[in-house]
Amino acid sequence: MLTRVFVLGLLSFQPMSGYAIQHYLRLNRAEQWAAILPGSIHYALKKLAAEGLVTLKATEQTGYRTKAIYAITTAGMQEFHRLLEQIWSTPEPHYPAGLYAALTFLNVLPRQQVLAALDAHIAALQSKVEVWNRGEATQAVEIPQEMQAFVRLSFANGREHMEVDLRFLRLLRERLPELPPFSTSLPSFEEEQEE
């Protein structure tokens with residue numbers, strides 16, 4: 001959904017090529033925080049064109065390359081507004097649900113394997129924070145002045161989420177070796193009888 005939002009949103013500003021959209025998303029570090037891969041842009045443009053949400057406005061020849069310029073349609077603008085309304089009205093709690101699920105079954109895997117996985121998880125998240133910080137420094141130079149306050153706020157929020165996750169992972173890593181195996185039996189319960 002976020003790929004659609006960005007493609008439609010950028011085209012709502014002005015007609016653009018897929019390459020120009022990719023360039024903007026690269027500057028914006030969208031693959032980092034929105035998981036938008038550069039290769040997905042051309043696929044999204046073709047799909048949006050097939051749905052009548054964007055249209056091929058022109059083609060430009062640059063050397064040996066032909067560049068397709070896309071424009072948003074009226075239906076595309078309506079879809080963009082619908083998606084924005086959906087995003088603004090849908091709360092997105094941040095919590096590592098997969099990790100919580102794995103903790104439920106902590107005793108299934110050997111403890112050393114779990115500790116090694118936690119170490120790898122911590123290292124990967126530390127690396128992500130470092131990349132995030134470098135991205136923030138780059139953004140301060142490359143974005144318009146009037147957007148900088150919102151961008152700084154977004155970077156601070158993202159960093160805070162990652163730091164909270166790192167604290168949790170480190171605490172888990174610290175306490176897990178001392179934690180004795182716990183019972184894997186579930187409490188019994190009576191199924192409710194239908195009347």
Side-chain angles (χ1 to χ4, degrees), residues 1-98 124-165:
M1 177 171 85
L2 289 180
T3 302
R4 288 172 73 91
V5 167
F6 268 100
V7 171
L8 291 172
L10 291 171
L11 291 176
S12 75
F13 293 144
Q14 66 186 38
M16 299 174 82
S17 69
Y19 176 77
I21 292 170
Q22 283 178 330
H23 180 70
Y24 175 83
L25 292 175
R26 199 172 308 113
L27 287 176
N28 204 13
R29 305 269 195 257
E31 61 190 55
Q32 229 178 53
W33 55 267
I36 299 176
L37 301 175
S40 65
I41 301 305
H42 290 289
Y43 174 78
L45 283 167
K46 287 181 177 151
K47 189 166 175 18
L48 292 167
E51 294 174 28
L53 302 176
V54 302
T55 186
L56 181 63
K57 181 177 180 177
T59 56
E60 295 176 359
Q61 193 70 30
T62 310
Y64 294 108
R65 299 181 70 177
T66 302
K67 185 167 42 171
I69 308 296
Y70 290 90
I72 194 167
T73 63
T74 303
M77 190 62 84
Q78 291 169 349
E79 173 67 359
F80 175 54
H81 285 214
R82 185 192 70 76
L83 290 170
L84 281 181
E85 288 168 4
Q86 182 181 348
I87 290 170
W88 279 111
S89 62
T90 306
E92 258 188 79
H94 171 80
Y95 47 85
L125 195 49
Q126 285 173 326
S127 176
K128 191 172 182 177
V129 169
E130 290 166 12
V131 169
W132 190 264
N133 290 337
R134 285 193 306 272
E136 182 178 17
T138 304
Q139 288 292 45
V141 175
E142 296 174 349
I143 61 166
Q145 183 68 34
E146 62 273 9
M147 290 181 64
Q148 286 190 6
F150 291 110
V151 171
R152 278 194 305 276
L153 187 62
S154 297
F155 269 99
N157 181 60
R159 182 176 33 263
E160 194 169 324
H161 281 292
M162 287 185 277
E163 287 171 352
V164 165
D165 286 348

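No hydrogens, no waters, no symmetry mates; every other heavy atom, side chains included, goes into these values. Here the structure is a predicted model, which is why all the values come from computation and not from measurement.
Two residues are said to be in side-chain contact when any heavy atoms from C-beta on lie closer than 4.5 Å; Tyr19 and Gln22 meet this criterion. Contact check for Leu37 versus Thr3: no side-chain heavy atoms found under the 4.5 Å cut-off.
A distance-only check finds no donor-acceptor pair linking the side chain of Gln126 to the backbone of Lys128 [under 3.5 Å]. Panel note: side chain Thr73, backbone Leu53; a donor-acceptor pair is recorded below 3.5 Å. Side chain of Thr62 to main chain of Arg65: no donor-acceptor pair is present (N/O by atom type, distance under 3.5 Å, no hydrogens or angles). Judged by distance alone, with hydrogens and angles left aside, the side-chain atoms of Ser89 form a donor-acceptor pair with the main-chain N or O of Glu85 at under 3.5 Å.
Distance CZ/Arg26 to CD1/Ile21: 12.5 Å, rounded to 0.5 Å. Between the NE2 atom in His81 and the CG atom in Leu84 there is a gap of 7.0 Å [rounded to 0.5 Å]. In this structure, Leu45 CG and Leu8 CG are separated by 9.0 Å, a value rounded to the nearest 0.5 Å. The structure places CZ of Phe155 at 8.5 Å from CZ of Arg159, a figure rounded to the nearest 0.5 Å. Within the model, atoms OG of Ser40 and NZ of Lys47 stand 13.0 Å from one another, a figure rounded to the nearest 0.5 Å. Once rounded to the nearest 0.5 Å, the distance linking CD of Glu60 with CD1 of Ile69 reads 4.0 Å.
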Under the side chain to side chain contact (heavy atoms under 4.5 Å, CB included) rule, what do Tyr70 and Leu11 come out as? Steps first, then yes or no, please.
-> CA-CA 7 Å; Tyr70 290 90; Leu11 291 176; 4.1 Å; yes
Side chain to side chain contact (heavy atoms under 4.5 Å, CB included) assessment of Glu79 paired with Glu51 = CA-CA 11 Å; Glu79 173 67 359; Glu51 294 174 28; 5.8 Å; no
Test side chain to side chain donor-acceptor pair (under 3.5 Å) on Arg82 and Gln86 and set out the steps.
-> CA-CA 6 Å; Arg82 185 192 70 76; Gln86 182 181 348; 3.3 Å; yes
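Across all their heavy atoms, Arg4 and Leu83 have their closest contact at CB-CD1, 4.0 Å. Shown here for Trp132 and Gly158, the closest heavy-atom pair between the two residues is CZ2-CA, 3.7 Å. Residues Gly18 and Ile41 come closest through the heavy atom pair O-CG2, 3.8 Å.
The number of heavy-atom neighbours closer than 6.0 Å to NE2 of His23, taken from other residues, nucleotides and ligands shown, is 12 or below.
A side-chain contact (heavy atoms from CB on, under 4.5 Å) with Ile72 holds for exactly one of Gln14, Lys57, Met77; it is Met77.
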